[in-house]
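For this chain, numbers begin at 1 and follow the sequence in order.
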Amino acid sequence: MSATPHPQKNRAPRRVLAAAAGLVTVGALVAAMPAGAHDRGHGHGHPSRTVDVQLLSFNDLHGNLEPPAGSAGTVSETQADGSVKPIPAGGVEYLATSLRTARKGNPYSVTAAGGDMVGASPLLSGLFHDEPTIEALNGLDLDVTAVGNHEFDEGAAELARLQNGGCHPVEGCYEKGKKFKGADFPYLAANVTDEKTGKPVLKPYTVWKKNGVKIGFIGVTLEGTPNIVTANGVKGLKFHDEIETVNKYAKELDRKGVKSIVALIHEGGAPASASYNYDCDSPGAGDGISGPIVDIAKGITPKVDALVTGHTHQAYVCTVPDPSGEPRMVTSASSFGKVYTDTTLTYDRRTKDIVRTSVESANHVVSRDQTRATDMTKLIARWNTLAAPIAGRPQGFISADIDGRGSTAPEKPLGNLIADAQLEGLAPEDKGGAVVAFMNPGGIRSDLVYAASGSEGDGVVTYGEAFTVQPFTNMMNVVDLTGAQLVAALQQQVSGSNEASPKILQVSKGLTYTLDMTKSGAGRVVAETIRLNGEAIDPAKTYRVAMNEFLAGGGDGFAALGAGTNKLVGPSDLDLFNTYLAAHSTAASPLDPPATDRITIVQ
């Protein structure tokens with residue numbers, strides 16, 4: 001690890017696997033040597049047997065080139081007295097500075113990412129199909145990334161264009177005389193294959209090399225990607241088991257003489273604390289994390305030396321034992337470029353493998369109290385100039401912050417606002433005749449923030465801000481569902497694939513019910529409390545229900561919603577949202593945050 005001090009003052013304690021394993025080994029003693037000493041000669045010009053390789057990593061950038069606003073742009077840090085301090089963080093101008101500073105004094109440094117670099121992006125990137133983000137990642141000297149589920153939002157052909165370059169097939173080139181060059185780094189998609197050929201749609205792995213040091217990277221996304229991406233996005237693709245895929249290609253790399261392997265996995269876990277500096281290995285190794293990544297980590301072959309993960313937007317540095325019981329590092333760096341991970345991999349030149357008990361890792365905040373990278377500032381300004389005619393257009397007015405992504409409550413003020421906008425827009429008979437609307441919580445990508453993001457003034461909601469909240473431009477659907485199907489959909493929030501990690505639908509005004517979290521599975525939804533405009537749901541009655549095309553396709557485990565019939569396709573979710581803002585707010589009479597009184601929670 002570099003002896004150069006980091007600009008971030010808020011550092012998580014290092015995790016040293018030798019300590020976690022209770023071992024004192026040659027590798028551990030090597031790790032205790034001064035930083036930079038491992039690759040020095042021992043006289044006579046002979047190089048050391050081991051060399052420290054710095055692995056910098058991050059995940060879930062989601063096209064957030066500018067610093068994220070509101071609670072989405074803060075990182076929690078636990079203080080010495082136990083209190084928690086929010087720290088403003090993120091933005092590629094600062095991420096570039098952090099990474100470049102961290103690399104100083106580290107001749108062997110590789111930068112990797114855990115997926116979802118693009119997709120669900122703010123307008124600055126999303127308006128241009130994420131070309132600005134790929135340009136920024138090239139400027140960050142990213143060496144490799146796994147695909148995430150959001151890399152498939154616009155389908156495999158568009159992902160291939162981001163990799164290989166070329167102007168957009170419909171909108172063409174955005175700047176006169178400039179052709180999009182694509183990514184300088186490989187996107188890895190080991191567990192995503194073409195249904196017809198059975199071959200990976202992109203490279204399954206790559207090998208980073210320097211002065212005889214070789215490290216293989218295998219990239220996978222979560223097997224459940226089809227459940228959280230629109231059907232069109234994953235059409236013609238098959239998604240395979242993460243463990244089986246990584247093990248298959250680790251074996252292939254091993255046969256090729258690549259003994260040092262890192263898995264980039266777009267699946268993650270839930271640490272017991274939201275603080276980035278939480279001790280994930282307390283009281284014992286890996287005790288502080290739960291979720292899918294734990295079982296995945298325990299099943300991946302010992303041939304893999306470290307796991308860089310993502311998807312859950314959490315920050316953690318954990319030690320999870322591999323199948324042989326040996327300690328192995330599993331890391332994640334929050335989201336939106338707010339955190340990066342610095343891991344030291346001690347490479348043994350004789351065995352060509354990582355000295356596992358010497359691996360060290362720590363997360364670092366991408367603080368905004370540092371110099372901005374001027375090349376990133378220029379990149380943002382260039383694309384902002386192109387986006388300005390659309391981005392700055394006022395859409396409505398709010399009296400205070402309306403929390404969405406930043407709310408940890410099951411019922412979110414912004415979720416209620418979005419659902420109400422969808423119901424109002426699709427209630428007229430000629431628009432679908434909807435009587436209720438559902439919004440998936442994962443589709444709410446930000447908060448509406450009262451403070452001005454530019455020159456528009458406080459309380460003004462611009463098109464760019466509305467786009468950041470709903471960047472998918474999903475088309476709205478109105479379908480027929482029976483009362484029994486409605487009840488089943490509400491139960492699917494907390495049962496089946498959603499039982500371990502509930503996905504609470506945001507509901508339009510008029511629908512009320514009780515959610516009893518002291519119970520289990522479908523029983524958490526107290527069926528006799530479900531009311532629509534004061535009346536009990538009739539299981540045999542047909543209701544017209546509004547939702548976006550993702551939910552209408554059964555996404556997020558809502559098979560009952562996917563069973564709708566008599567479908568009418570309406571405007572986009574963003575169009576309905578902006579129409580509602582314009583109709584219900586003025587500068588003199590701004591929208592207040594909606595009350596959150598539709599779902600009664602019993603804990």
Side-chain angles (χ1 to χ4, degrees), residues 1 6 8 10-23 28 31 55-60 74-80 82-87 89 112-115 222 242 262-300 302 304-323 325-336 338-345 354 356-366 408 500-501:
M1 181 110 21
H6 290 271
Q8 295 76 15
N10 307 297
R11 300 188 59 173
R14 289 182 175 182
R15 299 285 168 269
V16 183
L17 293 186
L23 302 173
L55 171 61
L56 301 176
S57 57
F58 56 96
N59 51 276
D60 295 275
T74 61
V75 171
S76 296
E77 180 185 71
T78 299
Q79 306 298 296
S83 63
V84 177
K85 174 184 177 182
I87 304 172
L222 69 156
E242 303 95 336
V262 175
L264 309 176
I265 304 176
H266 191 71
E267 179 60 288
S273 167
S275 293
Y276 85 94
N277 59 338
Y278 165 70
D279 185 356
C280 191
D281 287 337
S282 176
D287 285 346
I289 190 169
S290 59
I293 198 60
V294 177
D295 287 339
I296 291 173
K298 289 179 178 178
I300 285 179
V304 174
D305 298 293
L307 279 62
V308 172
T309 72
H311 188 56
T312 57
H313 291 202
Q314 302 298 311
Y316 49 82
V317 174
C318 304
T319 306
V320 180
D322 68 19
E326 292 301 313
R328 181 166 58 190
M329 199 65 74
V330 179
T331 70
S332 177
S334 184
S335 63
F336 302 168
K338 295 179 291 188
V339 171
Y340 74 94
T341 311
D342 189 335
T343 302
T344 300
L345 302 172
I354 300 301
R356 190 89 73 76
T357 52
S358 299
V359 176
E360 299 177 350
S361 192
N363 275 332
H364 305 279
V365 176
V366 177
T408 58
S501 182

Does any N or O in the side chain of Arg328 come within less than 3.5 Å of the main-chain N or O of Val304, such that one atom is a donor and the other an acceptor?
-> yes
Are the side chain of His313 and the backbone N or O of Ser334 linked by a donor-acceptor pair below 3.5 Å?
-> no
Who passes side chain to side chain donor-acceptor pair (under 3.5 Å) against Ser275, sequence neighbours left out?
-> Thr78
Keeping the roles fixed (side chain from Ser332, backbone from Gln314), state whether a donor-acceptor pair exists under 3.5 Å.
-> yes
For Pro302, which residues count as a side chain to side chain contact (heavy atoms under 4.5 Å, CB included) partner, sequence neighbours excluded?
-> Asp322, Pro323, Ser324, Arg356
Does the Asp305 side chain pair with the main chain of Val262, one donor and one acceptor, at a distance under 3.5 Å?
-> no
Apply side chain to side chain contact (heavy atoms under 4.5 Å, CB included) to Thr341 and Ser57, showing your working.
-> CA-CA 5 Å; Thr341 311; Ser57 57; 3.4 Å; yes
For side chain to side chain contact (heavy atoms under 4.5 Å, CB included), just list the numbers for Thr331 and Cys318, CA-CA rounded to whole Å, side-chain angles, deciding distance to a tenth of an Å, and then say yes or no.
-> CA-CA 6 Å; Thr331 70; Cys318 304; over 6 Å; no
Is there a side-chain contact between Ile87 and Lys338 (heavy atoms, below 4.5 Å)?
-> no
Is the backbone N or O of Gly269 less than 3.5 Å from a side-chain atom of Tyr316, with the two atoms forming a donor-acceptor pair by type?
-> yes
Close side-chain approach of Asn59 and Val308, heavy atoms under 4.5 Å = no
Using side chain to side chain donor-acceptor pair (under 3.5 Å) as the criterion, list what pairs up with Thr408, not counting sequence neighbours.
-> none
Side chains of Ile296 and Thr309 in contact at under 4.5 Å (non-hydrogen atoms) | no
